[in-house]
Amino acid sequence: MNKITATRNLNDVITRVEGARLKISEHHIVKIIGISKYSTSKEVEELYNVGQRAFGENKVQDLKTKAEELEELPLEWHFVGTLQKNKINNLIDLSPTLVHSIDSLELAQELNKKLEAKNKKLSILLQINSAYEETKSGVMPEVAVEIYKQILDTCPNLRLKGVMSIGAHVNDEKIIKDSFKTTKKIYDKLVPFGAKYCSMGMSSDYELAIACGSNMIRIGSTLFKD
């Protein structure tokens, strides 16, 4: 991917995001996270050079490698993958801007314990399995608000910033939309408790996600295509 391609890709995504968000409100701001898990540090740098600042990785080791290779750049790194307990300390040491994938109270409490030991804090999102799919991680929608409050009460070293979900993995747009609406309803209930981000929408469905109220999208292949 060269500068021309990076510019075209980013401009295309921004144009589509603008179109989707303005249908909701001119005040509705959407943050774009570039998911670089299948891309090189050089490609991340190309997108940085044309204006993209926030990037996300699925694996702790990949995040470490890219963050080190690009440490000269003021990038905002997000962790979006499943967090294994044996990788928690490694992730804490990388101090990502936001961890999107805290998928249980148990994981939140384990992360909090390790953060306390290191005298650090970390911003996180609670992952919700709003599509009710066995292949997906996340808390069930019915208990999401309660678990969110429990994390607030029991994990002082976590800064809860909102919720994340992955749209239903089907072709039926209505089912995908319903899964996004489920997450948005939960997010709305949590705004009084400090929720700031409703992270949902990826390359295949981000315009639909924005239409349903998403204010943070995770874009991989569309941003990084040749």
Item checked: Cationic N near anionic O, under 4.0 Å, E57 to K66 -> yes
Notebook entry, point to check: Is D93 salt-bridged to K64, going by a charged N under 4.0 Å from an acidic O?
Noted result: no
Margin query: For P96 versus L63, what's the shortest heavy-atom pair and its separation?
Written below: CB-CD2, 4.4 Å
Margin query: Hydrophobic clusters here meaning ILVMFWY residues chained together by side-chain heavy-atom distances under 4.5 Å, can you tell me if I217 and V163 are in one?
Written below: yes
Checklist line | Atom of T154, atom of L105 and distance for their closest heavy-atom approach | finding: OG1-CD1, 4.3 Å
Check: Hey, is the main chain of K118 close enough, under 3.5 Å, to the side chain of N89 for a donor-acceptor pair?
Finding: no
Next item on the list: Starting from the C-alpha separation in whole Å, work towards a yes-or-no answer on side-chain hydrogen bond (donor to acceptor under 3.5 Å, both in side chains) for D62 and T65.
Entry: CA-CA 5 Å; D62 292 348; T65 301; 5.3 Å; no
Notebook entry, point to check: Does E173 come within less than 4.0 Å of K177, counting only side-chain N to carboxylate O?
Noted result: no
Next item on the list: Nearest 0.5 Å please: distance from the CZ atom of F55 over to the CH2 atom of W77.
Entry: 7.0 Å
Item checked: Taking every non-hydrogen atom, the tightest pair across K136 and H169 -> NZ-N, 3.6 Å
Note to self: Out of the candidates T40, V44, T5, only one should pair with F224 under the side chain to side chain contact (heavy atoms under 4.5 Å, CB included) rule; please name it.
What the structure shows: V44
Checklist line | salt_bridge(E76, K31) N-O dist < 4.0 Å | finding: yes
Notebook entry, point to check: Just how far is it from atom CG of L208 to atom NZ of K174, taken to the nearest 0.5 Å?
Noted result: 11.5 Å
Next item on the list: Identify whether I186 and V143 are in the same connected component of the hydrophobic contact network (ILVMFWY, side-chain heavy atoms under 4.5 Å).
Entry: yes
Item checked: Check: I14 and V17 side chains under 4.5 Å, non-hydrogen atoms -> no
Item checked: Pairwise distance CG(N49) to CG(N2) - rounded to 0.5 angstrom -> 12.0 Å
Notebook entry, point to check: With side chains defined as the heavy atoms from C-beta onward, is the minimum distance between D226 and E43 less than 4.5 Å?
Noted result: yes
Check: Of the non-hydrogen atoms in L126 and I151, which two are nearest, and what is the gap between them?
Finding: CD1-CD1, 3.9 Å
Next item on the list: Could you pull out the closest heavy-atom pair between A54 and H78, with the gap in Å?
Entry: CB-NE2, 4.1 Å
Check: Listed by chain and number, what are the side-chain hydrogen bond (donor to acceptor under 3.5 Å, both in side chains) partners of E207, not counting sequence neighbours?
Finding: R16
Next item on the list: Using the rule that two of Ile, Leu, Val, Met, Phe, Trp, Tyr join whenever any of their side-chain heavy atoms come within less than 4.5 Å, decide whether M216 and V191 are in one cluster.
Entry: no
Next item on the list: Verify, without hydrogens or angle tests, whether Y132 (side chain) and S179 (backbone) share a donor-acceptor contact under 3.5 angstrom.
Entry: no
Margin query: For I4, is the CD1 atom crowded, meaning more than 12 foreign heavy atoms sit under 6.0 Å from it?
Written below: no
Item checked: Step-by-step side-chain hydrogen bond (donor to acceptor under 3.5 Å, both in side chains) determination, T182 to S130 -> CA-CA 6 Å; T182 296; S130 58; 5.8 Å; no
Item checked: T15 backbone acceptor or donor facing N11 side chain under 3.5 Å -> no
Notebook entry, point to check: Between atom OG of S165 and atom CG of L125, what is the distance when rounded to the nearest 0.5 Å?
Noted result: 10.5 Å
Note to self: Could you see if L47 belongs to whatever hydrophobic cluster contains Y206? Use Ile, Leu, Val, Met, Phe, Trp, Tyr and a side-chain cutoff under 4.5 Å.
What the structure shows: yes
Next item on the list: State plainly whether the residues E146 and K149 are in salt-bridge range, i.e. N to O under 4.0 Å.
Entry: no
Notebook entry, point to check: Below 4.0 angstrom, N of the basic side chain to O of the carboxylate: do D188 and K184 qualify?
Noted result: yes
Notebook entry, point to check: For the side chain of N9 and the backbone of L223, is there at least one donor-acceptor N/O pair under 3.5 Å apart?
Noted result: yes
Margin query: Before you tell me yes or no, could you show the steps for S199 and H100 under side-chain hydrogen bond (donor to acceptor under 3.5 Å, both in side chains), namely the whole-Å CA-CA distance, both residues' side-chain angles and the distance that decides it to 0.1 Å?
Written below: CA-CA 8 Å; S199 171; H100 290 232; 3.2 Å; yes
Next item on the list: Start with the C-alpha distance between I128 and M164, add both sets of side-chain angles, then the distance that settles side chain to side chain contact (heavy atoms under 4.5 Å, CB included), and finish with yes or no.
Entry: CA-CA 6 Å; I128 299 166; M164 180 274 259; over 6 Å; no
Notebook entry, point to check: Which atoms form the tightest heavy-atom contact between S137 and T82, and what is the distance?
Noted result: OG-OG1, 4.1 Å
Note to self: Show every ring-ring contact (aromatic ring centres under 6.0 Å, His included) that has at least one partner inside residues 13-33, sequence neighbours left out.
What the structure shows: none
Item checked: Point-to-point distance, once rounded to the nearest 0.5 Å, from CD of Q109 to CD of E106 -> 8.0 Å
